Amino acid sequence: MRAYVELVRAPAALTVLGDAVAGAAASGNPLRGRRALLPLASVALYWSGMALNDWADRDLDAVERPERPVPSGRISPNRALAVAAGLSATGLGIAAWAGGRDSLRVAVPLALAVWSYDTVLKSTPAGPVGMAACRALDVLLGAGAAGARGALPAAAAVAGHTLGVTALSRGEVHGTSAPVARAVLGGTALSALAAVAGPSASWRHRLAGLAAAAGYAATVGRAQLNAVRTPDAASVRTATKAGIHGMVPLQSALAARAGSVAGAAAVALALPLARLLSRRVSPT
């Protein structure tokens, strides 16, 4: 069981629950009834991507990260691929049951984007863009195809953050360059601004969104600033982990500003748990 938890980076899935919450709030299509299960579809698709990542990277990991489940022999490549396929099917099934065709019209492209990233795009210059597309579609999953237009600004904010984190994560083994780290830090500032820009339900919602966005900018920005100053592998890994966890306050800011303070608070509760569990299972 420990090997499978590591394979899918299980605790890191806590950082994707808020994508659907932010998308639903932005579109005005709340997660009620069966739709409340849409975040679980996000989790299943995220886990499928993690398992597929390790299957696709098995040869590289044998050199750079031999402790991972596949190169260490704790899980066979075929089993990792089967887990990825099973979790993708589970995610699509949950989306279909929770939101019907409206949700499937987003979930199917999301699943295809996940598989395209891991098997084709990841090692190319388009890799960070491919990952950003995955997270943007995950936000739109909460809105549904019918409400996607209203959720596009929220999806763009999450995508911009993801683009930076993914670009920076490429230096987890060998380090990165100061210009790359500076560009990622600038992107974080833009994502924070995007989270609070635009109309708000009330001044209270605006204030809650500002508070969450400030927490996002402070925690993620501090780690990325350290990577600018010292762009070695250790600093990049720390900044990448901060960026993954930083998705939570960003999602909270988006949900709160759009009018769902309760949703934002529920999403925020995932952050301390994710940080606690990351001490046992690395999210990267």
Side-chain angles (χ1 to χ4, degrees), residues 14-31 39 42 128 131-144 147-168 181-225 227-228 239-272 274-275:
L14 291 168
T15 66
V16 303
L17 292 170
D19 284 350
V21 176
S27 67
N29 190 12
L31 298 178
S42 296
M131 177 58 79
C134 291
R135 292 305 290 252
L137 287 167
D138 200 34
V139 173
L140 297 181
L141 180 62
R149 178 174 295 182
L152 283 176
V158 172
H161 172 75
T162 305
L163 179 67
V165 173
T166 306
L168 191 61
R182 279 196 294 268
V184 171
L185 179 60
T188 294
L190 291 176
S191 292
L193 290 174
V196 298
S200 185
S202 71
W203 68 267
R204 294 181 180 85
H205 294 94
R206 173 76 68 188
L207 186 60
L210 284 169
Y216 159 73
T219 56
V220 177
R222 184 169 59 250
Q224 291 177 350
L225 180 60
V228 171
T240 299
K241 184 180 293 186
I244 292 172
H245 291 160
M247 193 70 73
V248 176
L250 177 60
Q251 295 159 344
S252 293
L254 292 166
R257 182 183 59 78
S260 181
V261 173
V267 169
L269 292 175
L271 184 56
R275 284 176 172 168

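The structure displayed is predicted, hence computed values, not measured ones. The residues of the chain are indexed from 1 along the displayed sequence.
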**OP:** Sorted by first residue and then second, give each salt bridge (Lys or Arg N to Asp or Glu O under 4.0 Å) pair with at least one member in residues 199-212; sequence neighbours left out.
**Re:** none

Can you name the residues that form a side-chain contact (heavy atoms from CB on, under 4.5 Å) with [X], not counting sequence neighbours?
| X | result |
| --- | --- |
| Arg149 | none |
| Leu31 | Ala20, Val21, Ala24, Arg35, Leu38, Pro39 |
| Ala239 | Leu168, Ala223, Gln224, Ala227 |
| Pro128 | Leu163, Thr166, Ala167, Arg170 |

Rounded to the nearest 0.5 Å, how far does [atom2] of [Y] lie from [atom1] of [X]?
| X | Y | atom1 | atom2 | answer |
| --- | --- | --- | --- | --- |
| Ser191 | Leu250 | OG | CG | 6.0 Å |
| Met247 | Asp138 | CE | CG | 9.0 Å |
| Leu14 | Leu271 | CG | CG | 9.5 Å |
| Thr15 | Leu17 | OG1 | CG | 8.0 Å |

Quick check: closest heavy atoms across [X] and [Y], and the distance to 0.1 Å?
| X | Y | result |
| --- | --- | --- |
| Ala22 | Leu254 | CB-CB, 4.1 Å |
| Ala155 | Ala136 | CB-O, 3.7 Å |
| Gly221 | Thr188 | N-CG2, 4.5 Å |
| Leu141 | Ser42 | CD2-OG, 3.7 Å |
| Ala159 | Ala132 | O-CB, 3.4 Å |
| Ala208 | Ala256 | CB-CB, 3.9 Å |

Subject >> Donor-acceptor contact below 3.5 Å, side chain Ser200 vs main chain Arg257 >> reply: yes

Original post:
Hey, does the side chain of Ser252 reach the backbone of Ala264 with a donor-acceptor pair shorter than 3.5 angstrom?
Top reply: yes

Original post:
What's the verdict on side-chain contact (heavy atoms from CB on, under 4.5 Å) for Val248 and Gln251, showing C-alpha distance, side-chain angles and the deciding distance?
Top reply: CA-CA 5 Å; Val248 176; Gln251 295 159 344; 4.3 Å; yes

**OP:** Applying salt bridge (charged side-chain N to carboxylate O under 4.0 Å, His left out), name anything that partners Asp19, two or more places apart in sequence or on another chain.
**Re:** Arg135

**OP:** List in chain and number order the residues that pass side-chain hydrogen bond (donor to acceptor under 3.5 Å, both in side chains) with Ser260, two or more places apart in sequence or in another chain; answer none if no residue qualifies.
**Re:** none

**OP:** Determine which pairs satisfy ring-ring contact (aromatic ring centres under 6.0 Å, His included) with at least one residue from residues 243-265, sequence neighbours left out, and list them in order.
**Re:** none

Original post:
Is any side-chain heavy atom of Leu140 closer than 4.5 Å to a side-chain heavy atom of Leu152?
Top reply: yes

**OP:** For the residue pair Thr240 and Ile244, establish whether any side-chain heavy-atom pair is separated by less than 4.5 Å.
**Re:** yes

Original post:
Can you list the residues that meet the ring-ring contact (aromatic ring centres under 6.0 Å, His included) rule with His161, with sequence neighbours excluded?
Top reply: Tyr216

